[in-house]
Amino acid sequence: MYPAELVKPMREDLTSIGFDELQTAAAVEAAIAKEGTTLVVVNSVCGCAAANARPGAKASLANEKKPDHLVTVFAGVDKEATDKARGFMVPFPPSSPSMALFKNGELVHMLERHHIEGRPADMIAENLKDAYNEYCS
């Protein structure tokens with residue numbers, strides 16, 4: 001578990017732009033069950049989360065179509081919520097950071113760590129925008 005003061009700015013990087021932070025399994029279940037599209041970002045303290053994942057997720061929202069709901073769980077901090085979110089991402093193995101797009105509770109698009117690490121934020125954003133254009137209204 002990471003100290004709260006260490007992860008606070010990393011949490012706020014997403015919550016400050018409208019992501020709801022989920023800290024319990026029940027909150028994750030409720031978020032995934034919502035009608036419409038939901039982007040789940042598995043946040044992390046690693047460098048690729050700071051340089052690629054969070055900036056890519058934020059930039060992806062500059063799109064005509066975007067998810068109805070934006071949520072995040074924090075790997076290594078909110079274990080219960082992260083484990084529950086990853087359960088909805090099967091058959092993909094757990095990785096952080098990662099991003100998943102759900103439509104009416106069904107996983108429709110997944111970005112694993114190996115899709116994020118070493119790739120520029122704008123490439124990640126474009127990948128997500130393509131998914132939004134296909135699945136979001």
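This is a predicted model, so every value here is computed, not measured.
In this structure the side chain of E64 never reaches within 4.5 angstrom of the side chain of Y132, judged on heavy atoms. Counting heavy atoms from C-beta outward, L14 and F74 have side chains that stay 4.5 Å or more apart. The closest side-chain heavy-atom distance from D13 to N43 is not below 4.5 Å. Within the 4.5 Å cutoff, the side chain of R86 has heavy atoms near those of the S96 side chain. Using a 4.5 Å heavy-atom threshold, the side chains of H114 and S95 count as separate.
Residue K65 places its NZ atom among more than 12 non-hydrogen atoms of other residues, nucleotides or ligands, all under 6.0 Å distant. The neighbour count for F92 CZ, taken as heavy atoms of other residues, nucleotides or ligands under 6.0 Å away, is above 12.
By the criterion of side-chain heavy atoms lying less than 4.5 angstrom apart, applied directly or through intervening Ile, Leu, Val, Met, Phe, Trp or Tyr residues, F102 is grouped together with V42 in one hydrophobic cluster. Linking ILVMFWY residues whenever their side-chain heavy atoms come closer than 4.5 Å, directly or via other members, leaves L107 and L39 in distinct clusters. Residues F88 and M110 share a hydrophobic cluster, clusters being chains of Ile/Leu/Val/Met/Phe/Trp/Tyr side chains in contact below 4.5 Å. Placement of F19 and I124 within a single hydrophobic cluster is found when ILVMFWY residues are connected by side-chain heavy-atom separations under 4.5 Å, directly or transitively.
For the atom pair CZ of R113 and SG of C46, the computed distance is 4.0 Å after rounding to the nearest 0.5 Å. In this structure, the separation between NZ on K58 and CG on L70 is 13.0 Å, given to the nearest 0.5 Å. T24 OG1 to K79 NZ: the interatomic distance, rounded to the nearest 0.5 Å, is 14.5 Å. Here N63 contributes atom CG and L128 contributes atom CG; the two are 9.5 Å apart, rounded to the nearest 0.5 Å. To the nearest 0.5 Å, atoms CD (E117) and CD (E112) are separated by 12.5 Å. Atom-to-atom distance recorded for L22:CG and T72:OG1 is 7.5 Å, nearest 0.5 angstrom.
When all heavy atoms of A121 and A51 are compared, the pair lying nearest together is CB-O, 4.1 Å. Considering all non-hydrogen atoms of both residues, L101 and P67 come closest at CD1-CG, 4.0 Å. Considering every non-hydrogen atom in both H115 and R119, the closest pair reads O-CD, 3.0 Å. Listed here is the closest heavy atom pair of M89 and A100: CE-CB, 3.8 Å. I116 approaches M99 most closely through the heavy-atom pair CD1-CE, 4.1 Å. The heavy-atom pair separating V108 from Y135 by the smallest distance is O-OH, 3.5 Å.
Under the 3.5 Å distance criterion, the side-chain polar atoms of R54 are left unmatched by any main-chain donor or acceptor of R11. The backbone N or O of T37 lies less than 3.5 Å from a partner atom in the side chain of D68, making a donor-acceptor pair. Formation of a donor-acceptor pair under 3.5 Å by the N104 side chain with backbone atoms of G36 is found in this model. Of the possible donor and acceptor atoms, none in the side chain of T38 sits under 3.5 Å from a partner among the backbone N and O of H69.
For the side chain to side chain contact (heavy atoms under 4.5 Å, CB included) with Q23, the qualifying choice from D78, T82, V28 is D78, the only one to do so.
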E106 vs K103, salt bridge (charged side-chain N to carboxylate O under 4.0 Å, His left out): CA-CA, chis, key distance, verdict
CA-CA 5 Å; E106 179 185 344; K103 183 168 186 173; over 6 Å; no
Run D130 and H109 through side chain to side chain donor-acceptor pair (under 3.5 Å) and show every step you take.
CA-CA 10 Å; D130 288 344; H109 188 75; over 6 Å; no
